[in-house]
Trainee: 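Pasting a structure here, questions to come.
Naming: A, B, ... by sequence-line order, numbering from 1 per chain.
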Protein chains: 2
Amino acid sequence: MTTSVESVAERAGVSVSTVSRALRSVPGVSAATRKRVQDAADELGYSASPAASRLATGRTMTVGIVVPVLAKWFFGKVIGEATHTLRQAGFDVLLFELGTRAQRERFFSSAHLHGRTDGVIIMALQPSKAELESLTAQGQAVALLGAEAQGFGSVSVDNVSAGRAAVRHLLNLGHERIAFIGIRDEESSNLGGVPPLQRLMGYREALAEAGVPGDDMLEQFDENSVDGGAAAMSRLLVTEQVPTAVFVASDEMAFGVLKVLRKAGLDVPRDFSVLGFDNHELCDVVGLTTMDHEVAEQGQDVARILLDILQGGPPANLSRAVRLVVRETTAPPHVLRTTPTAPDSPHSAGHPGTP
Amino acid sequence: MTTSVESVAERAGVSVSTVSRALRSVPGVSAATRKRVQDAADELGYSASPAASRLATGRTMTVGIVVPVLAKWFFGKVIGEATHTLRQAGFDVLLFELGTRAQRERFFSSAHLHGRTDGVIIMALQPSKAELESLTAQGQAVALLGAEAQGFGSVSVDNVSAGRAAVRHLLNLGHERIAFIGIRDEESSNLGGVPPLQRLMGYREALAEAGVPGDDMLEQFDENSVDGGAAAMSRLLVTEQVPTAVFVASDEMAFGVLKVLRKAGLDVPRDFSVLGFDNHELCDVVGLTTMDHEVAEQGQDVARILLDILQGGPPANLSRAVRLVVRETTAPPHVLRTTPTAPDSPHSAGHPGTP
DNA sequence: CTGAAAGCGCTTACAG
DNA sequence: CTGAAAGCGCTTACAG
């Protein structure tokens with residue numbers, strides 16, 4: 001296993017310099033000797049010590065991926081796609097989970113990446129100017145996902161217009177009292193980032209556009225999880241004038257919303273409409289209407305953008321499309337129907353979430 | 001940024017050897033000089049070049065985590081827990097996704113880990129003897145999750161008895177025609193591993209125990225996903241004598257099962273009972289009855305086991321408990337009820353999956 | 001407790 | 001096209 005360049009050189013009858021050049025396809029080696037070296041290396045099962053080449057070249061051929069959490073569909077998906085692209089380009093990927101503020105601070109203050117990675121992909125976190133500087137000072141190329149920063153590569157979506165489109169769908173169905181459930185960071189966490197806020201902006205714009213007055217009570221925020229969504233919906237249920245529809249900033253939260261509505265005995269979409277965000281793979285199971293934002297593609301994009309920067313290219317800024325995916329959790333509000341009290345359908349067949 | 005040991009040594013007025021010792025808390029340095037060195041390092045923002053120390057020590061202080069797929073709740077959860085434990089011990093984690101047979105072969109044949117990691121955690125993959133040897137030949141410590149191998153650390157659960165317990169629950173409810181939906185690898189993929197097979201064994205044992213004759217038609221296999229589960233259930237629906245319940249080897253597949261049943265107009269659990277495996281975080285949303293196997297704990301376990309091996313300890317083999325979590329997708333079979341035709345309840349309230 | 005020196009295993013100007 | 005040599009930035013016996 002510990003076959004070194006020297007053993008290969010010996011076997012191939014050349015110098016170590018030649019071995020090094022031949023094996024890395026550096027120009028300036030005759031085809032004949034290149035083959036001889038390659039063969040010798042193969043026979044010995046040789047592969048260069050990464051530590052040694054890193055020390056000599058200063059390049060690590062690995063990139064870091066930074067996420068707020070791993071155990072979420074969105075991040076699993078995006079990381080999977082990104083690592084695949086990165087690996088094809090010959091890079092290893094180092095994983096960093098920055099779930100708490102403490103972890104985040106330690107990470108950005110410690111120059112931990114220096115000499116460990118050539119570049120880093122930061123997901124769903126809006127790094128501050130200082131944090132970004134710390135990264136570049138460590139010699140890192142950086143690409144952002146779900147955030148933007150002057151001079152840095154990034155991929156994101158237009159969350160404002162996505163939020164607007166979502167709420168318009170609800171307005172078009174005839175809803176007027178439309179709530180918003182968004183993401184608020186916990187004391188100690190740092191998830192969320194800006195997209196959720198932009199979605200809120202879109203929500204407000206659509207309402208204003210339609211002449212529907214806003215209502216603070218209708219905007220609820222919680223942790224980005226099933227439980228967080230459930231908690232937010234529970235609060236909505238006890239407001240003075242309960243809404244007839246809600247736009248939820250993430251599908252996972254929307255799942256929690258569905259759960260609460262079911263437990264409250266409300267029928268979706270007859271009594272209440274729910275619209276999520278992400279197009280989570282399980283949307284189809286519960287019939288959740290949602291906003292798709294090309295999650296897999298975003299993962300590939302951000303990897304490619306970083307690879308470009310690593311090769312000396314300029315930092316690209318991409319924007320992915322968002323589109324409404326109508327399933328079965330949105331419908332016209334009940335009050336608008338002809339017979340509000342008498343059940344207007346068998347009601348138990350074909351309803352979303354009814355297995 | 002490129003502050004070296006020398007600059008620290010100079011500033012502290014000591015030799016580089018002393019700096020090296022002081023900074024790594026190696027015994028044999030007076031408290032006074034240790035502090036002086038520490039201060040100098042802090043002032044200079046110094047941190048040792050990983051490549052250089054790796055080359056000098058031969059230790060990388062990083063471990064690899066190998067998974068079949070990233071974009072699944074189970075793996076996200078387990079990786080999250082494992083990386084957390086690893087990071088606390090000062091290790092970085094390198095991620096490897098081996099979704100296809102080709103990727104798997106390349107990985108195990110290329111000595112890619114050599115010099116990159118000190119150890120590796122292999123998840124939900126049953127490595128062959130040769131693959132294991134390749135890893136140890138590369139000097140890797142190895143710990144397995146969801147698999148076992150002579151002489152290697154591992155954490156798993158008793159899937160046979162778990163399968164038995166699951167099916168017994170169904171039998172106790174009065175079901176006799178009970179189907180099994182398991183995981184079969186695609187041509188090109190290598191997911192699954194042994195646990196799914198053991199769950200099948202448990203299913204068969206429980207049936208035999210109860211004197212219920214087996215039926216090949218009742219055992220369906222597909223890809224481990226919502227779509228795979230849906231496809232398998234669709235096949236079950238057209239068997240000659242449709243079963244009244246199914247034990248599904250993974251929750252994600254069970255979600256697909258629920259979807260198909262809903263589309264077929266069947267009510268769960270009135271017309272059909274479904275029992276999953278994993279206790280996926282979304283079980284609660286659709287009310288899926290399932291088998292919990294302490295997923296988060298398994299992630300921590302496997303990391304700790306590897307850390308122990310890395311510190312010279314013996315390879316531990318842990319087994320985690322499995323327990324039935326009854327929710328709302330299992331009930332006595334319809335045919336056993338007193339009034340088979342007339343609905344015996346309001347039937348639309350409180351049903352699983354009805355939001 | 002501290003320091004001078006060799007060595008870890010590559011890569012890369014510099015000559016030839 | 002090929003080789004000898006310096007250097008990348010640490011760690012660790014070996015002396016003292």
Trainee: For dA13(C), what is the paired nucleotide under Watson-Crick or G-U wobble rules, both distances under 3.5 Å?
Mentor: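 When the pairing criteria are applied, nothing turns out to pair with dA13(C), so the answer is none.
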
Trainee: Are any of T33(A)'s side-chain N or O atoms less than 4.0 Å away from OP1 or OP2 of dT2(D)?
Mentor: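 For dT2(D), OP1 or OP2 has a side-chain N or O of T33(A) closer than 4.0 Å.
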
Trainee: Do we see a donor-acceptor contact under 3.5 Å between the side chains of Q140(B) and T136(B)?
Mentor: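 The criterion, which ignores hydrogens and geometry beyond distance, is not satisfied for T136(B) and Q140(B).
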
Trainee: Could you tell me how the ring of H112(A) sits relative to the ring of F96(A): parallel (under 30°), tilted (30 to 60°) or perpendicular (over 60°)?
Mentor: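 Judged by the thresholds at 30° and 60°, the geometry between H112(A) and F96(A) is perpendicular.
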
Trainee: Looking only at atom C1', what distance separates dG16(D) and dT12(D), rounded to whole Å?
Mentor: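 The answer is 16 Å between these two C1' atoms.
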
Trainee: When you measure from the side-chain N and O atoms of S17(B) to the phosphate of dG3(C), is any distance below 4.0 Å, counting only OP1 and OP2?
Mentor: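 Result: no.
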
Trainee: Considering only dT2(D), dC10(C), dC10(D), which nucleotide approaches the side chain of A48(A) most closely?
Mentor: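 The answer is dC10(C).
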
Trainee: Can you find a donor-acceptor pair, distance only, under 3.5 Å between R54(B) side chain and dG9(D) base?
Mentor: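 In this structure, the two groups form no donor-acceptor pair.
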
Trainee: Under 4.0 Å from OP1 or OP2 of dG3(C): is there any side-chain N or O of S15(B) that close?
Mentor: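 Yes, S15(B) has a side-chain N/O under 4.0 Å of OP1/OP2 on dG3(C).
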
Trainee: Do F91(A) and T60(A) come close enough that some side-chain heavy atom pair is under 4.5 Å?
Mentor: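 No - every pair of side-chain heavy atoms lies 4.5 Å or more apart.
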
Trainee: Considering every strand shown, what is the Watson-Crick or G-U wobble mate of dA4(C) when both distances are under 3.5 Å?
Mentor: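 Matched dA4(C) with nothing under the 3.5 Å cut-off.
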
Trainee: Round to a whole Å and report the spacing from CG of L23(A) to P of dC10(C).
Mentor: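 Going from CG in L23(A) over to P in dC10(C) covers 10 Å.
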
Trainee: Once you apply a heavy-atom cut-off of 4.0 Å, does V14(B) come out as touching a base, just sugar-phosphate, or nothing?
Mentor: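 Touches sugar-phosphate only.
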
Trainee: Output the rounded distance in Å from CZ (R59(A)) to C1' (dC8(D)).
Mentor: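 Distance check: R59(A) CZ to dC8(D) C1' gives 16 Å.
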
Trainee: Can you measure E10(A) atom CD to dT2(D) atom P for me and round it to whole angstrom units?
Mentor: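 E10(A) atom CD is separated from dT2(D) atom P by 18 Å.
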
Trainee: Determine, for K35(A) against D39(A), whether the closest basic-nitrogen to carboxylate-oxygen distance falls under 4.0 angstrom.
Mentor: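 Salt bridge between K35(A) and D39(A), a charged N being under 4.0 Å from a carboxylate O: yes.
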
Trainee: Distance check: side-chain N/O of S20(A) vs OP1/OP2 of dT12(C), anything under 4.0 Å?
Mentor: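 Looking at the OP1 and OP2 atoms of dT12(C), neither is under 4.0 Å from any side-chain N or O of S20(A).
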
Trainee: Output the rounded distance in Å from CZ (R116(A)) to C1' (dC10(D)).
Mentor: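 Going from CZ in R116(A) over to C1' in dC10(D) covers 13 Å.
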
Trainee: When rounded to the nearest 0.5 angstrom, what is the spacing between CG in D118(A) and CZ in R54(A)?
Mentor: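 Reported value, rounded in 0.5 Å steps: 8.5 Å.
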
Trainee: Nearest whole angstrom, please: distance from the C1' of dT11(D) to the CE of M61(B).
Mentor: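 Rounded to whole Å, this separation is 15 Å.
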
Trainee: Tell me: CZ of R24(B) to P of dG9(D), nearest whole Å?
Mentor: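 So the two atoms are 17 Å apart, to the nearest Å.
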
Trainee: What is the distance, to the nearest angstrom, from the CZ atom on R21(A) to the C1' atom on dG3(D)?
Mentor: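 Between C1' of dG3(D) and CZ of R21(A): 8 Å.
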
Trainee: Please tell me which of T57(B) and S30(B) maps to the more 5' nucleotide of DNA chain C, matching each residue to the nucleotide holding its nearest heavy atom.
Mentor: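 Its nucleotide being nearer the 5' end, the pick is S30(B).
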
Trainee: Over all heavy atoms of both residues, which pair between T3(A) and G45(A) is shortest? Give the atoms and the distance, please.
Mentor: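 Scanning both residues, the minimum pair turns out to be OG1-O, 4.1 Å.
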
Trainee: Using whole Å, report how far NZ of K35(B) lies from P of dC1(C).
Mentor: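 One finds 18 Å between P of dC1(C) and NZ of K35(B), rounded.
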
Trainee: With DNA chain C as reference, determine whether T18(B) or L55(B) sits nearer its 5' end, using the nearest nucleotide of each.
Mentor: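 Closest to the 5' end, via its nearest nucleotide, is T18(B).
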
Trainee: If you find the nucleotide of DNA chain D closest to A51(B) and the one closest to G13(A), which residue's nucleotide is nearer the 5' end?
Mentor: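 The residue whose closest nucleotide sits nearer the 5' end is G13(A).
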
